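Down below is the structure, laid out as structure tokens.
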Amino acid sequence: MENNFDRKLNLDLLSHIRFTSKFHLLRLFKKYYGQTPKQYLIDKRIGQSKSYLKKGMSVSETCYAVGFESPSSFSTLFKKKIGRTPTDFQIEQFSQSQSKNDF
């Protein structure tokens, strides 16, 4: 998940790769990481998307690059996790970098 966050991952695939039942994998994952694999994957994708947005990648490009299937679902989750839309986040990042360059 760490290196393949941009791919379509689900509990069935992960349990198959780890040679265990999906229910056992879910219990162990939650025990060690404090969240479900899906929650972990979303957090990983959102974290990487922040990096892409800071570099100037468009919201749509970022959405697909980190593995989301639609810009609307990406924007909704991003706002829920970060508190701002991806566009607002990107604008804020650019204005902060501009103000640093002004000094």
Side-chain angles (χ1 to χ4, degrees):
M1 287 176 61
E2 195 67 29
N3 297 320
N4 296 298
F5 61 87
D6 57 336
R7 299 195 177 156
K8 189 171 184 167
L9 300 175
N10 60 47
L11 204 50
D12 289 325
L13 175 64
L14 295 173
S15 64
H16 178 74
I17 291 169
R18 302 306 299 164
F19 302 106
T20 187
S21 78
K22 60 184 174 181
F23 304 107
H24 185 65
L25 175 67
L26 185 60
R27 277 191 304 274
L28 287 176
F29 198 96
K30 191 157 185 171
K31 178 181 177 182
Y32 289 105
Y33 291 96
Q35 60 190 86
T36 66
K38 184 176 181 175
Q39 292 166 330
Y40 180 88
L41 183 60
I42 288 170
D43 286 349
K44 180 70 179 163
R45 287 175 173 173
I46 295 295
Q48 186 62 46
S49 69
K50 287 169 57 178
S51 176
Y52 289 157
L53 291 168
K54 286 178 185 178
K55 292 178 182 177
M57 189 180 276
S58 76
V59 173
S60 293
E61 288 175 314
T62 299
C63 162
Y64 298 118
V66 298
F68 285 100
E69 294 184 9
S70 78
S72 63
S73 64
F74 166 64
S75 293
T76 300
L77 278 169
F78 191 95
K79 185 172 183 176
K80 182 179 177 184
K81 293 283 186 179
I82 306 302
R84 297 179 290 296
T85 66
T87 301
D88 289 344
F89 175 83
Q90 193 171 48
I91 290 168
E92 182 181 282
Q93 296 303 308
F94 287 142
S95 66
Q96 285 178 1
S97 67
Q98 286 294 43
S99 64
K100 287 180 184 176
N101 292 335
D102 290 342
F103 292 107

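A quick note: this is a predicted structure, and the numbers were derived from the prediction, not measured.
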(Q) According to side chain to side chain donor-acceptor pair (under 3.5 Å), who are the partners of Ser51, at least two apart in sequence or on a separate chain? (A) none
Q) Same hydrophobic cluster for Ile91 and Val59, using side-chain heavy-atom links shorter than 4.5 Å among ILVMFWY? A) no
Q | ring-ring contact (aromatic ring centres under 6.0 Å, His included) against Phe89, all qualifying residues, sequence neighbours excluded | A | Phe78
Q: Could you list the residues that satisfy side chain to side chain donor-acceptor pair (under 3.5 Å) with Asp43, not counting sequence neighbours?
A: Gln35, Lys81
Q) Pairs in or reaching into residues 23-36: which pass salt bridge (Lys or Arg N to Asp or Glu O under 4.0 Å), with residues at least two apart or in two chains? A) none
Q | Interatomic distance, Ser49 atom OG to Ile82 atom CD1 [nearest 0.5 angstrom] | A | 7.0 Å
Q | Thr76: partners by side chain to side chain donor-acceptor pair (under 3.5 Å), with sequence neighbours left out | A | none
Q | Over all atoms of both residues, closest heavy-atom pair of Arg45 and Phe68 | A | CB-CE1, 3.7 Å
Q. Of the non-hydrogen atoms in Ala65 and Tyr52, which two are nearest, and what is the gap between them?
A. CB-CE1, 3.8 Å
Q: Kindly write out the residues that satisfy side chain to side chain donor-acceptor pair (under 3.5 Å) with Ser60, not counting sequence neighbours, or none if the list is empty.
A: none
Q. When rounded to the nearest 0.5 angstrom, what distance separates CD in Glu92 from CG in Leu53?
A. 12.0 Å
Q. Going by the salt bridge (Lys or Arg N to Asp or Glu O under 4.0 Å) test, which pairs reach into residues 53-65, not counting sequence neighbours?
A. none
Q: Nearest 0.5 Å please: distance from the OG1 atom of Thr62 over to the CD atom of Gln48.
A: 9.5 Å
